[in-house]
Each structure stands twice: as structure tokens, then as C-alpha cells.
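Just so we're clear, the structure is a prediction, and the values are computed from it rather than from any experiment. Just so you know, these numbers use all the heavy atoms, side chains as well, and skip hydrogens, waters and symmetry mates.
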Amino acid sequence: MIFIVVKYKVKPEYADRWTELTRDFTEATRNEPGNLWFDWSRSVEDPNEYVLVEAFRDDAAAAHVNSEHFAKGLESMRPALMETPRIISEQITAQDWNRMGELVID
């Protein structure tokens, strides 16, 4: 799978509306056939930072970045951002989340 984590620094005036601003992009991406997950989180240390954790089947990433909703999503985010987002995008052998062996809860 392609595993991606992106950090977005959002202008303070957009921070509380970020999930609303990205809702159409999020829903369209989650509905892509090759999307495995697409989950937003807000930093507990910086209320202006959002983190996106996403994953796609290996052959689905190109379709995602070339989609119309991807282009529209980026343009809708652009005015709300303080800086260029930071990204880690890697192809990994995992196929899904695994249980954490160091903290098993039965």
C-alpha cells in the first residue's frame, strides 16, 4: 500500500472550520475504490495544525492525485494554509493496521 501522512498548518481564522472546508474532498476520496482510509486529526499541541493519515492500494494513488476532486480540494485548501504542507509518502508492505504487541488489551 501507499501510506501517507501530511501535516497542514492552517491559518487561525480557518482552524475551527477546517473539517467543513475539506469535507467534500474527504468524502470523495473515501469513496475512491482504492482508498483504504483517509483520517484527519487535530494536533493537541497546536490548534492550527491538522494531520491527515491516508492509505491507498498501490495501483490507486495515481488515480487519486489525478482526480478532479483532488485538484478542487487543493484549491479550496490553498487560501486557508499558512505554509506548504509537509508530507511523508511511502510504499509499504502492510495491507492494514496491525495490533500493537507492546500494549495488548484483551
Side-chain angles (χ1 to χ4, degrees):
M1 79 171 78
I2 308 274
F3 185 76
I4 304 163
V5 179
V6 187
K7 288 188 173 189
Y8 296 84
K9 286 284 212 174
V10 178
K11 293 176 183 173
E13 62 268 27
Y14 289 92
D16 288 336
R17 306 186 279 137
W18 184 253
T19 54
E20 179 184 326
L21 178 71
T22 60
R23 180 172 286 122
D24 290 344
F25 173 58
T26 299
E27 289 176 4
T29 302
R30 286 178 177 164
N31 286 320
E32 291 178 26
N35 179 257
L36 299 171
W37 58 81
F38 195 85
D39 298 323
W40 290 100
S41 297
R42 193 172 190 178
S43 171
V44 296
E45 296 173 355
D46 180 353
N48 298 322
E49 182 177 80
Y50 282 83
V51 177
L52 175 60
V53 179
E54 55 186 307
F56 296 87
R57 289 187 185 90
D58 293 343
D59 58 350
H64 171 63
V65 298
N66 291 311
S67 69
E68 183 178 332
H69 64 265
F70 184 84
K72 283 183 178 179
L74 296 187
E75 286 310 308
S76 69
M77 291 178 203
R78 190 177 304 278
L81 295 173
M82 295 171 63
E83 62 185 33
T84 302
R86 291 165 286 144
I87 186 170
I88 297 172
S89 178
E90 295 291 326
Q91 188 165 13
I92 62 174
T93 58
Q95 296 301 309
D96 202 347
W97 291 97
N98 294 312
R99 291 181 60 179
M100 182 178 172
E102 298 83 4
L103 188 61
V104 175
I105 310 296
D106 290 320

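Residue-environment remark: NZ (K72) stays at or below the threshold of 12 foreign heavy atoms within 6.0 Å. At most 12 heavy atoms of other shown residues, nucleotides or ligands fall within 6.0 angstrom of atom NZ in K7. Remark: E68 CD is loosely packed, at most 12 non-hydrogen atoms of other residues, nucleotides or ligands lying under 6.0 Å away. More than 12 heavy-atom neighbours from other residues, nucleotides or ligands sit within 6.0 angstrom of CD on E83.
Atom CZ in R42 sits 4.5 Å away from atom CG in D16 (nearest 0.5 Å). Remark: M1 CE to T93 OG1 distance equals 8.5 Å, nearest 0.5 Å. Rounded to the nearest 0.5 angstrom, F38 CZ and E27 CD are separated by 11.0 Å. Expressed to the nearest 0.5 Å, how far CG of N48 lies from CE of M82 amounts to 6.0 Å. Note: R23 CZ to R17 CZ = 12.5 Å, rounded to the nearest 0.5 Å. Atom CE in M100 sits 9.5 Å away from atom CD1 in I105 (nearest 0.5 Å).
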Show the numbers, then the answer: is there a side-chain contact (heavy atoms from CB on, under 4.5 Å) between I2 and S89?
CA-CA 7 Å; I2 308 274; S89 178; 3.8 Å; yes
Under the side-chain contact (heavy atoms from CB on, under 4.5 Å) rule, what do V51 and R86 come out as? Steps first, then yes or no, please.
CA-CA 10 Å; V51 177; R86 291 165 286 144; over 6 Å; no
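Using cut-offs of 30° and 60° for the angle between ring planes, the W40 and Y8 rings count as tilted. Aromatic ring orientation, H64 versus F70: perpendicular (interplanar angle above 60°, classes split at 30° and 60°).
In this structure, V5 is not a member of the same hydrophobic cluster as L81, with clusters built from ILVMFWY side-chain heavy atoms closer than 4.5 Å. Side-chain heavy atoms closer than 4.5 Å link hydrophobic residues (I, L, V, M, F, W, Y) into clusters, and following such links, possibly through other members, connects W97 to I92. Tracing side-chain contacts under 4.5 Å through hydrophobic residues (I, L, V, M, F, W, Y), one never reaches L52 starting from I88; they form parts of separate clusters.
Aromatic pair Y14/Y50: ring centres not closer than 6.0 Å.
Across all their heavy atoms, P33 and R57 have their closest contact at O-NH1, 2.7 Å. Nearest heavy atom pair, residue A55 against residue N35, reads O-ND2, 3.4 Å. Of all heavy-atom pairs spanning A60 and G34, the tightest one is CB-CA, 3.4 Å. W37 and V53 get closest at one heavy-atom pair: CD1-O, 3.5 Å. The two residues F56 and A61 come nearest to each other via the heavy atoms CB-N, 4.3 Å. M77 and L21 make their closest contact through CA-CD2, 4.4 Å (heavy atoms, listed as atom of the first residue, atom of the second, distance).
With respect to E75 and R78, a salt bridge is recorded, a charged nitrogen being found less than 4.0 Å from a carboxylate O.
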